[in-house]
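One structure below.
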Amino acid sequence: MARENALVWMDVARADTPGPALGSLLSTYRRRAGLTQEQLSELSGVSVRAISDVEGGRARWPQRRTGEALASALGLRGDERAEFLRATREGRVAARSRPRAGGVAPSLPMPTADFAGREAELAVLTGLGRTAADTAVLHGPPGAGKTSTAVQAGHLVQTRFPDGGLLVDMAGSTERPTSPNEVLDRVLRVLGAELPAHPEDRVDLVRSALRGRRLLLVLDDVADEAQVRPVLAAGAGRLVLLTSRRTLAGLERVTRIGLGALPEDAALELLRSIAGGERVAAEPEAAVEVVRLCGHLPLAVRIAGNRLVSRPRWSIAHLADRLRDPRRRLTALTAGDLRLAEQFASSYRRLDPDAALVFRGLGLAPTRNVDVELAAALAGVDTGPAADALEELVDACLLEAAEGDRYAMHDLLRVFAQQLVAEEERTDQVSEARRRAHGRAVRPECVGAGRPRRSS
């Protein structure tokens, strides 16, 4: 999702044509219920064509009885049912919001029309903020779909926040993250409040301006805990969703949701929604191979789908062939300004030198699973520093913690680490690393690779 380093606003949809909000809402509830469009059609009596047109934003808003039939077939109750029926009537998910002084109430950006998967995570998120203030952290590696999931959840609950929803890009993965004071100033402007004469009064002013209001706040791409503590201290909204490439383990009393690869069926659905159902149906085995070579990572699958759309004469098998070579995979996973390797590189550059050294070393491991001893041998360091570096990589969402002292790296991150080794390490040093790691007393599946040199 394209973002600006500013507040993001949503235009009100025209009342006579469907926008992506209702289609996305229907699609999300259908997938959460585990139904295909055909199964929902059978349960509701609404034609498959009508369901497809609404989800794709191609149909007029459904009649009242059609909306009620779909809501009943989806098993919607209470607030969710009321929200869905309101969307069918008004052509937008958000309830009529109380305008702020001098303008309109803020809204979240429109949800991604081809959003796929994350049913379990959305179920948790939509249960938050009902009776008390809640904060959730959505963390995961670059390309896991954290922003789109937070926005999707925001639209599903937005009727509970009559004062609107607001997204602020915290720019945590850039060279200049948004400062806490900038965020507080933006919230004050949105609420129609004057900026304080003394900057240290910001927290108190935000707290006062929010008293009695219900605002949904999404802080996207958070760099670290210090960046958001003042905002959380101000009690900014009844529900605050944080997305970050770090786990933000220092924050207390928050709900943490880790996002990683999609299940295969959801990854295929995402590819299908972008590249076209007929095209995927014509090459089902190649489509499965493509999403597997993408590691089921949402951004990678999205880029693959965009590549197919921009190359209508390509077969899916041809794309799979281009992705099969790990030396070309990240280059192939580029579509316009979507470049997976750049996303990985921005996280890598934020690592301290020891964690970066161990990360490169993991590119020489024979499998995605490693332990502390193997990581130490690959990096040429003692097990103590290696263990600390591995934990830093977990906190940075570049590695997954498994049982005991075991860790796992996503396949595409391994490919990226391998490229770093090829670019930054000498052949003799890689050979020495393999010699040092060979034959050590570890589990057979962890026997492996080599030691890169520390970069200057």
Side-chain angles (χ1 to χ4, degrees), residues 139-142 172-173 175 223-225 244-250 258 260 295 326-327 329-330 341-456:
H139 59 86
S173 57
E175 295 298 322
D224 52 37
E225 295 89 340
S244 180
R245 296 184 184 183
R246 301 191 66 83
T247 60
L248 304 182
R327 294 169 299 180
R329 191 171 304 161
L330 292 182
E342 288 187 6
Q343 297 292 317
F344 290 166
S346 64
S347 288
Y348 171 74
R349 287 192 294 266
R350 292 179 62 85
L351 296 174
D352 65 39
D354 289 339
L357 173 67
V358 170
F359 179 84
R360 293 197 304 275
L362 296 180
L364 294 169
T367 70
R368 67 189 301 265
N369 298 303
V370 297
D371 60 15
V372 174
E373 291 184 5
L374 176 58
L378 294 171
V381 299
D382 292 336
T383 55
D388 292 341
L390 290 170
E391 288 300 308
E392 167 64 18
L393 293 175
V394 171
D395 286 339
C397 297
L398 295 176
L399 198 63
E400 299 175 19
E403 296 181 3
D405 64 350
R406 304 295 304 282
Y407 299 85
M409 178 177 275
H410 188 277
D411 287 342
L412 289 178
L413 285 169
R414 287 184 65 219
V415 171
F416 177 67
Q418 290 163 4
Q419 288 189 0
L420 291 175
V421 170
E423 294 169 0
E424 300 182 21
E425 314 302 339
R426 298 198 309 266
T427 301
D428 61 324
Q429 291 173 317
V430 173
S431 298
E432 174 64 14
R434 289 199 169 100
R435 186 193 66 77
R436 293 167 67 94
H438 181 70
R440 64 187 183 82
V442 295
R443 302 177 182 90
E445 66 269 24
C446 289
V447 173
R451 174 184 180 273
R453 64 177 171 83
R454 183 187 299 267
S455 61
S456 57

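Just the heavy atoms: all of them, side chains too, but no hydrogens, waters or symmetry mates, feed the values below.
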#### Entry: Contact summary for A386 and A375, nearest pair of heavy atoms
CB-C, 4.4 Å

### Query
What's the spacing between H139 NE2 and D395 CG if we round to 0.5 Å?
9.5 Å

#### Entry: Residue list, ring pair (Phe, Tyr, Trp, His ring centres under 6.0 Å) with F344, at least two apart or on another chain
F416

#### Entry: Nearest non-hydrogen partners of P142 and S347, listed with the distance
CG-OG, 3.3 Å

### Message
To check you understand the geometry: which heavy-atom pair defines the closest contact between D382 and P385, and what is its length?
### Response
O-CD, 3.3 Å

#### Entry: Contact summary for R350 and A223, nearest pair of heavy atoms
NH2-CB, 3.8 Å

### Task
Quick one: pull up CG in D411 and OG1 in T367 and give me the separation to the nearest 0.5 Å.
10.0 Å

### Query
Minimum heavy-atom separation for A365 to L378, with atom names?
CB-CD1, 4.0 Å

### Query
Do the non-hydrogen side-chain atoms of D405 and L390 ever get within less than 4.5 Å of each other?
no

### Task
Might you work through the side-chain contact (heavy atoms from CB on, under 4.5 Å) test for N369 and R406, ending with a clear yes or no?
CA-CA 7 Å; N369 298 303; R406 304 295 304 282; 3.3 Å; yes

### Task
Report the C-alpha separation of Q343 and R245 in whole Å, then their side-chain angles, then the decisive distance to 0.1 Å, and conclude whether the side-chain hydrogen bond (donor to acceptor under 3.5 Å, both in side chains) test is met.
CA-CA 11 Å; Q343 297 292 317; R245 296 184 184 183; 2.5 Å; yes

### Query
Say you draw a straight line from CD of E175 to OG of S346; how long is it, rounded to the nearest 0.5 Å?
9.5 Å

### Task
Output, in order, the C-alpha distance, side-chain angles, deciding distance and verdict of salt bridge (charged side-chain N to carboxylate O under 4.0 Å, His left out) for R246 and E392.
CA-CA 10 Å; R246 301 191 66 83; E392 167 64 18; 3.3 Å; yes

### Message
Could you check whether any side-chain heavy atom of R368 comes within less than 4.5 Å of a side-chain heavy atom of E400, counting everything from C-beta outward?
### Response
yes

#### Entry: L357/V381 under side-chain contact (heavy atoms from CB on, under 4.5 Å): CA gap, chis, key distance, verdict
CA-CA 9 Å; L357 173 67; V381 299; 3.9 Å; yes

#### Entry: 4.5 Å side-chain heavy-atom contact, R414 and Q418
yes

### Query
Nearest heavy-atom pair of A355 and A389: which atoms, and what distance?
CA-CB, 3.9 Å

### Task
Drop me the distance from M409's CE to L393's CG, to the nearest 0.5 angstrom.
6.5 Å

### Query
Say you draw a straight line from CZ of F359 to CG of L398; how long is it, rounded to the nearest 0.5 Å?
5.5 Å

### Query
Is there a side-chain contact between L413 and L399, using heavy atoms and a 4.5 Å cut-off?
no

### Message
Working note: V372 + Y407, criterion side-chain contact (heavy atoms from CB on, under 4.5 Å); need CA distance, chi angles, decisive distance, verdict.
### Response
CA-CA 8 Å; V372 174; Y407 299 85; 4.1 Å; yes

### Message
Are D388 and D354 packed together at the side-chain level, in the sense that at least one heavy-atom pair is separated by less than 4.5 angstrom?
### Response
no

